[in-house]
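Structure record follows, encoded as C-alpha cells.
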Amino acid sequence: MLGSSAHAQAANDKLLMFQKFVNGEVPIREATVYRTFSRPDGKTLVREWFRFGYQDGTWYIRRLMPDPDDPSKLVPRPDDDDTVCGASLTEFWTMTDRNIDVVDKAFASGSVPDSYGEVFRNYMFRALSLGLPRQSSVLNLEDSQIEWNGLSFKTTVTSKWGRGGTTLETAVITGELTLGDNGLPASALYPGVGQLPPGSVTYEYATPNAGIPSSFILKFDQSVYHYTFLSLTLGTDDLAQTGGYVPSMFGDMKIARMLTVWTNSLSWTLHGKKFYPDFGVNIIVPHRKLIGPFILISVAIVTGAILALWYKRTKTEQ
C-alpha cells in the first residue's frame, strides 16, 4: 500500500507539472522547437524551427533555420525574413531589420504587434499547449486557459473561422488525458465541433521523471503536426533592468529602423527626434467620426471661394 501511494503521489506531481505547463505557469528561460506539418501518408509539407522564452508576463519568439554552412546548427533567418516578436512587462512589440513597432498592452488590439505578430504567437502558444486545443489567436495565454478536473480538461476553441483565419464563433469542449504506466500523460483525445475536427495527441519523454514531454504528435483526419523540443531550459532570468524582453536584446540598435509607436487612436512615427501621427491607421473606429465634419467644412470653404470669384468676375463684366 505504501508503494502504491508513493507511485500515485509521483504521478500526481508529473500530471500537475504537465497541467501547469499548458497554462503558461511554468517559466521557460529558453526553448528551441522543431515543428513539421504533414499529410497522413507521411509526406512533410512544412518544416519550421523557432526559439522562444516565456516567463513572468514577458516573452519573445524568433524563427530559425539550419545554418547553410553547417546544417547541424540553427541560426536566425535572413534579414528580410528575420522577425522577432515579444512582450515586455508593459508593451507588445515586433522588430525586423527595417522596423520596430511598439504598443502598450492596453491598446494592442488591431496594432501591428497584434496582427503581424499573431502567426508567431501561434507557434509559441501551440508549443506550450502540448497539442491540446484552445484559442491561439489571443494576445495572452491567460485569456485562453485550459480548465482541469483530474485527467479531464475543458477548453474554449474556435468553431468557425472567417477570412484570414479570424474567429467568428467559439465553443466549449471537453477532452481526456490518459496516463501511461510511468504516471506520465501518454495521450489525449478531444471531440470536434463546427469546423474544428476531432483530434488525438500522443506524447514522448526524454527522461522517465519529466513532467513535460520532449515531443508530441497531433493528428487530425487530414493532417499531422509533430512538435519536438530540441532544447528546453526552465527557470527565469533577471529582467528587472529592462522591464522584460525588449527589442535591444535581439538586434543591433545601431541599424537605422523606422520606429512606430501605437496608441489607442493613432500610430506615431519617429522622424529625427519628433513623433508625427500616421493618419489613416486609426485603431478605434469612433475617432473616424471626426472625418465627416472636416470634409463638410472643407467643401464649404472651397464652395465659398468659387462663389466669391464668380461674383467678382460678374461685377467686373457689368
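Position 1 is the first residue of the sequence, and the numbers go up from there.
A donor atom on one side chain and an acceptor atom on the other are found under 3.5 Å apart for S129 and R134.
The minimum heavy-atom distance between I100 and M95, with the atom names listed, is CG1-CG, 3.7 Å. The heavy-atom pair separating L139 from S109 by the smallest distance is CD1-N, 4.2 Å. Here the shortest heavy-atom pairing between V157 and P133 reads CG1-CB, 3.7 Å. Contact between F92 and A87 at its shortest, heavy atoms only, is CD2-CB, 3.6 Å. Scanning both residues, R29 and T236, for their nearest heavy atoms gives NH2-O, 2.9 Å. Scanning all heavy atoms of the two residues, the minimum distance from T44 to R47 falls at CG2-CG, 3.9 Å.
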So T178 and S187, side-chain hydrogen bond (donor to acceptor under 3.5 Å, both in side chains) or not? Walk me through it.
CA-CA 5 Å; T178 56; S187 62; 2.4 Å; yes
Verdict with supporting geometry, R63 and E48, salt bridge (charged side-chain N to carboxylate O under 4.0 Å, His left out):
CA-CA 8 Å; R63 296 168 68 197; E48 290 279 359; 3.2 Å; yes
Yes or no on side-chain hydrogen bond (donor to acceptor under 3.5 Å, both in side chains) for T83 and Y116, after CA distance, side-chain angles and deciding distance?
CA-CA 10 Å; T83 300; Y116 185 75; 3.2 Å; yes
Would Y60 and F250 satisfy ring pair (Phe, Tyr, Trp, His ring centres under 6.0 Å), going step by step from the backbone distance to the final call?
CA-CA 10 Å; Y60 78 90; F250 305 95; 4.6 Å; yes
List the steps, then state whether side chain to side chain contact (heavy atoms under 4.5 Å, CB included) holds for H226 with S215.
CA-CA 7 Å; H226 193 170; S215 67; 4.0 Å; yes
Would you please test T167 and T158 for side-chain hydrogen bond (donor to acceptor under 3.5 Å, both in side chains) and show each step?
CA-CA 6 Å; T167 297; T158 298; 3.1 Å; yes
Could you walk me through whether R98 and M258 pass the side chain to side chain contact (heavy atoms under 4.5 Å, CB included) test, one step at a time?
CA-CA 6 Å; R98 296 183 180 90; M258 183 73 75; over 6 Å; no
Salt bridge (charged side-chain N to carboxylate O under 4.0 Å, His left out), that's the test. Do D82 and R77 meet it? Break it down for me.
CA-CA 5 Å; D82 183 19; R77 298 173 72 90; over 6 Å; no
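Aromatic pair Y203/F18: centroids less than 6.0 angstrom apart.
Ring-plane geometry between F125 and W59 is classed as perpendicular, the angle between the planes exceeding 60 degrees on a 0 to 90 degree scale with a lower cut at 30.
At distances below 3.5 Å, not a single donor-acceptor pair connects side-chain atoms of S111 with backbone N or O atoms of V103.
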